[in-house]
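Here the structure is laid out as structure tokens; the discussion comes afterwards.
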Amino acid sequence: MLGAILSVALGLGGITAVPSILMALRDRLYSVVVIDVLAIAWLFVMWRWRTLSFTIRSWNFLLIVFAVGVFFLFKVGPVSQIYMMAVPVLAALLLGLRPAILMLVVNAVTLVTVGYWFDIDLQFDRYHDQPFLRWIIITLNFTFISSVITVTCGVLLRRLEESLRKQMKISLHLQQEQKSLRHANEELRLISAAVENLNDMVMITDNNLSDQGPHLVFVNKAFERSSGYSRHEAIGNSLEMLFGANSDIHEIHRIRSAMADRHAIRSEIISYTKNADEFWLEVDIRPINNQDGHCTHYVAIERDITDRKKAELDIYRLAFFDVLTGLPNRRLLRDRMGVQLANAQRTGNYSAVLFIDLDHFKTINDARGHAVGDVLLVEVAKRLSQLLREVDTVARIGGDEFVVLVDSLDSHIELAGKLALTIAEKVRHALSQDFLINDQIYSSSCSIGVSLMPKPGQSADDLLRESDTAMYRAKTAGRNQIAFFEGAMQTEVEERLTLERDLAKALDQNELHMVMQAQVDQNGVPLGAELLMRWNNKRRGMVSPATFIPLAEESGLIVRMGDWVLLQACQILKHLQREGFTFPLSINVSPKQFRQKDFVDKVSATLAGEGVDGNHLIFEVTEGLFIDNLQETISRMDKLADLGIRFSIDDFGTGYSSLNYLKRLPLYELKIDKSFVQDIPDDANGTAIVRSILSMAKQFSLKVVAEGVETQEQANYLMANECDSMQGFLYSKPTAPDVWVEQQRAKH
């Protein structure tokens, strides 16, 4: 504004100064010329010197006008008052009201002082005789008019300034609002673009929860891609348009309840596309409130989590289900058993656990391959699943072992036991039916152990152990059997484990020793002897062979014990020969020991190491040796026969008893089992069996030994039917070789 005023003053001043200077020159008023030139020059300097502050330039401008006015007061007279009146007005315009009032005072003082002092003529003809009063009146009038104009201009300028400031503030505010609006519009554009291009489905509804509401008012492109519905089809529809038959009704009610309460909710639910394809959605619904806190809309962010759900299901199946059969595995079974046990303890209803083990599955698996074995396991799983109720659990816990958890049988233990037995019998019968695999028929059976719950202090592990123990009892009873767990079973199992550990130490602690029982002819002359193992435990005392021999067979210790027996037989044989007894010795050979790949080499090395002729040893084997791999068995027996070893069939008539192997094997003798000998001569069936064995042996040129001879009547019958030799308490009890030798010497 100052620059504009200076420019106008300089321009107009220059225009008016030219005629003024010419007139002054004409009238020889050179002082006017000087003042005009100085004023124009000073004004020009202020106009150009823009580095000076606004206040200094303003005061200089006022000083120029004031100086010109005072000068004209001397030279021109009344015209000077115009210049002097302009000073306070310009001061009010440029510097404010206070400097303007100051200039009014300066003007008044100047008029009174200069006018009165220099007696300036202002064309005011009154009061010539009182000049001071005249100047007072002139000054008052001048000052009054000048003050009115100045104050009016100052107030107007102040109001104008305030108005301009307000307008500036409003303008700045509007600019800020416009900037904010542009920013908001840009942000809204970006948000809109982002929402449109999100992979997640975005749905906005109104707040109308009635009339099957709320209704959709917006959906993004991801919704159209995922659901198959167009935006036109979706708008106005219900938020539940994607739910269907398999959508969890409880989750739907939970969503409705949360929206009715204006609460946010997150859910995972099965949804459907326009083509009725199922997919999983993760739904996050939140209310949108206005400034008053009232809900106006709902926004739903939905994400397709089908792949994640499939991965979770795969992980869950791997963790809790058997990969081959799809049945629950041991981990899930234990969890369900824990739940069922807690329910049984709370309700008092008994439930049952069936532990199922397939009989001879390994034979099928080895003979036909794992592929056939796997198919068989799958078929077993199907039969079990079809046989039982939905509330029951069928699990595969490994190999050919299955467990069935039968829920809530009865509150009375006797009736619950009968029901469990009935179910177990159905399972046993179902699994004993033939399986058709790859157009071939396979036969199988199973052994089942049953345990009831609840019992005091019983856990899931206890249930598995109890039913497992009962299952082994069923196998021991001959397979394809059902056995219940009894408290004594667990004690028996624990005793069995302790006995097995003690038996493993027996050889190292010299607790095993051999006794011999002679085999005599009709005159009582020893023709041979059988070596029998005895175990004298330091803590238990004498342990029956009927107890520890089967245990050694099952645990695999029989192989090591058999090697020790062979060594003992060689040493006893040499001792008897030194005492003058040259008859052969018989030792029992376990099928497990016989099937060892290095068995023939061990026998050969032992005979050579002890310097014993194999012709003086007879290996007693059971008929179970000939069930599997008969050709390999014959080959191994032939190799042993080349060493001089002879073979005897122990307990003949109680096992396989096939005439086929009698003619194919290199056998030396048969041993009639004592169970048949004890029945003669009074029992007709037993007598017929013994007579048949003796007759058959003659046909095959085999020697016969009857064991378990305890009475003279038995001996007489055997001698009458030409039995080659007899063995039993009637002739001698099992005795240590040294003692037996002393007894023989005492007789003679």
Side-chain angles (χ1 to χ4, degrees), residues 1-25 27 29-115 118 120 139 142-143 145-165 168:
M1 185 175 62
L2 177 61
I5 292 173
L6 291 175
S7 298
V8 172
L10 183 62
L12 295 177
I15 294 172
T16 58
V18 173
S20 176
I21 292 172
L22 292 175
M23 291 175 63
L25 289 174
D27 296 334
L29 297 174
Y30 299 112
S31 60
V32 174
V33 175
V34 173
I35 290 299
D36 284 344
V37 172
L38 287 175
I40 294 299
W42 194 358
L43 189 61
F44 179 79
V45 171
M46 289 300 102
W47 177 66
R48 292 291 297 174
W49 200 350
R50 297 179 183 275
T51 57
L52 289 177
S53 67
F54 170 80
T55 303
I56 294 174
R57 293 173 72 199
S58 297
W59 278 113
N60 275 272
F61 177 59
L62 294 176
L63 185 57
I64 293 170
V65 178
F66 179 76
V68 172
V70 173
F71 174 78
F72 282 164
L73 186 63
F74 284 100
K75 293 294 183 181
V76 181
V79 180
S80 63
Q81 293 179 346
I82 298 174
Y83 283 90
M84 296 184 71
M85 186 180 293
V87 173
V89 175
L90 290 173
L93 177 64
L94 295 174
L95 299 175
L97 196 56
R98 287 184 180 180
I101 294 173
L102 176 62
M103 293 310 298
L104 284 172
V105 174
V106 171
N107 277 349
V109 172
T110 303
L111 278 174
V112 173
T113 304
V114 175
F118 294 98
I120 297 174
T139 300
F142 173 81
T143 302
I145 296 300
S146 180
S147 297
V148 170
I149 296 173
T150 300
V151 171
T152 301
C153 289
V155 171
L156 288 175
L157 289 172
R158 175 64 60 86
R159 295 289 177 85
L160 180 60
E161 180 181 9
E162 290 177 356
S163 178
L164 288 174
R165 285 178 179 175
M168 287 293 292

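Treat the numbers as computed from the prediction; the structure is a model and nothing was measured.
Under the side-chain hydrogen bond (donor to acceptor under 3.5 Å, both in side chains) criterion, the residue pairs touching residues 52-63 are Trp42-Asn60, with sequence neighbours excluded.
Counting heavy atoms of neighbouring residues, nucleotides and ligands inside a 6.0 Å radius, atom CZ of Arg98 does not exceed 12 of them.
Between atom CD of residue Glu162 and atom CZ of residue Arg165 there is a gap of 7.5 Å, rounded to the nearest 0.5 Å. Rounded to the nearest 0.5 Å, atoms CG (Leu63) and CD1 (Ile56) are 13.0 Å apart.
Residues passing the ring-ring contact (aromatic ring centres under 6.0 Å, His included) test with Phe54: none are found, sequence neighbours excluded.
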